[in-house]
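The next block holds one structure in the form of structure tokens; read it before the comments.
Along the sequence shown, residues carry numbers from 1. Keep in mind that this is a model prediction, so the values were computed, not measured.
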Amino acid sequence: MKHTPTIRAELERYLKQEGLNLTQFGHIAGINRGIVSGIVTGNSSMSVNQIDRITEAMGLPEGYFYDLYVENYIIDIPPNMRRIEPFLYRCAELDKLDAIRRVVGAIMDNLLYSPKLFDIAEELLAQERHDAALLLYESVAEVEKYQHSERLAICQYRIFTIQIDDDQSRNLRAAILFEPYVERLDEIEQLDALKDLANVYRSLRKWDKVDEIARKMRAKAEIQYTLKHQQSSRERTESTKKLTRPMFVYITYADLLCASVCEARGDYQQALQYTYAYTDLDWVKETDEDTQYWISLFQHWAEGNTYVNKLMSGNTSVLLDFVEYIGTTANESEKLSKLLNIIIVANRYNLDIDGVLTKFKIDIDASTQLPSSTDMYTQQVVPDYIALFCYEMAYYNLNRKKYSDGFKQLLCAMVKAHILNNETYFINCTGLFAHFQAYASPETREAYFKLLEKVWLDNVEKNGTVNRCE
């Protein structure tokens with residue numbers, strides 16, 4: 001029979017090896033001699049702080065004994081949350097995810113531990129220890145999957161937000177899995193959940209879903225906004241404190257989303273109607289500084305999007321006014337999206353915009369840097385814009401025989417499309433290269449085929465297929 005080693009036995013061996021008595025070791029570790037004695041004899045349990053001190057005193061790496069700690073003090077004895085909770089936090093700090101999995105696996109057959117693990121997950125999320133928090137949320141969601149509780153819905157929301165990354169295929173799966181849980185959330189929290197879902201679907205260009213979710217968000221927000229102004233001041237504060245934005249924003253943002261849907265479908269007149277809707281915000285009752293900030297922001301967006309829809313419909317007379325508007329835009333991601341629209345219009349109507357590109361060269365050169373943010377718009381929509389921006393720039397320059405810049409931007413677009421796992425963008429890029437390949441330099445051809453090979457090998461590894469060329 002195989003015996004599981006113990007921390008006690010490892011400590012005893014070390015003391016004999018080093019010729020140390022309990023008092024001497026206790027002095028080195030900063031632990032009372034009686035505690036050391038209790039650990040060695042097996043008469044005392046051990047806290048995570050004590051195991052950390054012992055590990056350091058023995059000259060071993062942090063977390064060295066954590067697997068044994070799980071065996072000796074969590075799995076082999078009745079669970080004790082006073083011992084488990086600090087251990088989970090410490091595992092998260094050291095990125096010991098396997099230890100967290102083992103602890104959770106050992107205790108999660110009992111529903112009584114679910115609320116506490118949920119609270120720990122919330123704290124870890126606040127500390128931005130996302131991987132550790134995700135493990136706990138997934139465990140709580142699994143054990144409560146038949147409970148239909150609000151806590152289950154919150155877990156699924158947290159899982160969704162943590163899992164969203166650069167891979168658009170994975171993001172689609174995450175959105176589909178989370179969507180059925182939205183209605184189980186608190187009515188106020190549903191607004192942020194719908195906003196985040198809409199932004200992910202927007203980055204995926206799933207316009208039917210964006211339209212559906214935006215309309216649902218608007219209807220719910222209108223109800224909550226009406227209720228808010230029928231309640232007392234205290235109730236109003238309590239009901240809205242969970243939101244990341246003022247409540248009226250969810251109504252106006254729904255109109256903005258619907259406008260983007262119409263624009264994507266080529267219905268620019270209807271897009272303008274939605275744009276005018278979020279321009280007129282006289283109905284907003286609040287007058288605080290945050291409200292004024294958002295009102296100003298929506299009116300700024302409305303001005304820009306009015307230009308966009310007129311340009312897209314063929315009214316190129318507003319181009320110079322739009323360029324001047326872009327120059328006043330401070331937000332870099334917003335500036336990028338507006339420049340993208342100009343390039344799309346130029347490609348559609350064969351316009352010469354070299355002067356515009358020169359004017360914003362610094363912004364264009366910086367556009368390949370992905371922003372760092374937890375906001376779903378910045379995290380999802382902006383990277384999609386960057387990939388499309390590089391492609392449209394490549395299309396523009398290649399068609400104007402600026403082959404060096406065009407191919408450079410095309411390769412950049414391919415890299416971005418691969419990161420996003422967006423097959424449509426990647427195929428469009430390869431088609432554009434094939435169309436202009438006769439003008440590619442040997443160095444460009446080499447870079448292109450190396451990139452194709454890298455994408456192929458990445459897909460081989462991801463899909464677990466065999467690379468028979470090795």
Side-chain angles (χ1 to χ4, degrees), residues 95 97-98 101 130-132 134-135 138 159-178 199-206 333 336 340 364-374 376-395 397-398 403-437 440-470:
D95 205 27
L97 301 183
D98 285 341
R101 287 190 188 93
H130 293 161
D131 291 340
L134 178 61
L135 287 175
E138 288 177 335
I159 291 168
F160 165 68
T161 55
I162 292 172
Q163 286 183 332
I164 294 301
D165 60 13
D166 293 330
D167 190 326
Q168 291 189 331
S169 295
R170 188 157 56 234
N171 294 345
L172 177 59
R173 291 194 296 273
I176 291 171
L177 289 173
F178 167 59
N199 281 330
V200 171
Y201 280 125
R202 185 181 181 185
S203 73
L204 298 168
R205 300 188 175 269
K206 302 290 184 183
S333 62
L336 171 69
L340 170 60
I364 292 170
D365 290 343
S367 67
T368 56
Q369 299 301 313
L370 290 173
S372 176
S373 173
T374 57
M376 285 290 182
Y377 177 87
T378 306
Q379 193 181 57
Q380 291 302 300
V381 178
V382 174
D384 180 74
Y385 280 163
I386 292 173
L388 185 56
F389 183 90
C390 292
Y391 172 80
E392 293 288 344
M393 280 289 293
Y395 186 97
N397 281 318
L398 289 173
Y403 300 121
S404 178
D405 287 342
F407 282 118
K408 179 181 178 181
Q409 288 147 355
L410 182 57
L411 291 174
C412 178
M414 292 178 71
V415 170
K416 299 300 182 186
H418 177 51
I419 291 172
L420 293 173
N421 196 17
N422 190 311
E423 292 182 2
T424 300
Y425 285 179
F426 198 84
I427 290 170
N428 286 345
C429 289
T430 57
L432 188 58
F433 184 90
H435 187 75
F436 286 96
Q437 62 180 319
S441 67
E443 294 78 13
T444 297
R445 287 172 177 269
E446 182 181 5
Y448 172 78
F449 286 111
K450 279 186 177 179
L451 179 56
L452 282 186
E453 184 175 27
K454 180 184 183 304
V455 172
W456 167 57
L457 291 175
D458 286 350
N459 286 334
V460 165
E461 182 178 356
K462 183 185 297 184
N463 298 324
T465 52
V466 178
N467 175 12
R468 301 189 183 278
C469 295
E470 294 180 340

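Atom CG in L457 sits 5.5 Å away from atom CD in E453 (nearest 0.5 Å). Atom CG of L398 sits about 9.5 Å away from atom CZ of F433, to the nearest 0.5 Å. For the atom pair CG of L432 and CD1 of I427, the computed distance is 14.0 Å after rounding to the nearest 0.5 Å. Between atom NE2 of residue H130 and atom OG1 of residue T161 there is a gap of 7.5 Å, rounded to the nearest 0.5 Å. Separating the CG atom in L340 from the CD1 atom in I364 is a distance of 11.0 Å, to the nearest 0.5 Å. Between the OG atom in S441 and the OH atom in Y403 there is a gap of 13.0 Å [rounded to 0.5 Å].
Considering only residues two or more places apart in sequence or on other chains, D95 meets the side-chain hydrogen bond (donor to acceptor under 3.5 Å, both in side chains) condition with none of them. With sequence neighbours left out, E446 forms a side-chain hydrogen bond (donor to acceptor under 3.5 Å, both in side chains) with K450. With sequence neighbours excluded, the residues that form a side chain to side chain contact (heavy atoms under 4.5 Å, CB included) with I176 are L172, Y201. By the side chain to side chain contact (heavy atoms under 4.5 Å, CB included) test, A174 is found to be paired with F160, Q163, I164, residues two or more places apart in sequence or in another chain being considered. Here R205 pairs with D384 under the salt bridge (Lys or Arg N to Asp or Glu O under 4.0 Å) rule; sequence neighbours left out. Take S169 and apply the side-chain hydrogen bond (donor to acceptor under 3.5 Å, both in side chains) test, not counting sequence neighbours, and it matches N421.
Residues F389 and Y385 fail the side-chain proximity criterion, which asks for heavy atoms closer than 4.5 Å. Side chains of I159 and F178 form no contact here, defined as non-hydrogen atoms less than 4.5 Å apart. Taking the side chain as every heavy atom from C-beta outward, L452 and F426 approach each other to under 4.5 Å.
N171 places a side-chain N or O within 3.5 Å of a backbone atom of D165 that can act as its donor or acceptor partner. Under the 3.5 Å distance criterion, the side-chain polar atoms of Q168 are matched with a main-chain donor or acceptor of S203.
When all heavy atoms of A387 and K416 are compared, the pair lying nearest together is CB-CB, 3.7 Å. Smallest separation of non-hydrogen atoms from A447 and L411: CB-CD1, 3.9 Å. Residues A394 and L410 share a closest heavy-atom pair of CB-N, 3.5 Å. Taking both residues in full, the closest heavy atoms of A413 and Y391 are given as CB-N, 3.5 Å, listed atom of the first, atom of the second, then distance.
Other residues, nucleotides and ligands contribute only 12 or fewer heavy atoms inside 6.0 Å of the OH atom of Y395.
The residue from L420, I419, L336 that alone fulfils the side chain to side chain contact (heavy atoms under 4.5 Å, CB included) condition with I386 is L336.
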side-chain contact (heavy atoms from CB on, under 4.5 Å) evaluation trace for Y448 with M414 = CA-CA 9 Å; Y448 172 78; M414 292 178 71; 3.5 Å; yes
Determine, stepwise, if the pair T444 / Q437 fulfils side-chain contact (heavy atoms from CB on, under 4.5 Å).
-> CA-CA 9 Å; T444 297; Q437 62 180 319; over 6 Å; no
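The existence of a salt bridge linking D405 and K408 is excluded, since no basic side-chain nitrogen approaches an acidic carboxylate oxygen closer than 4.0 Å.
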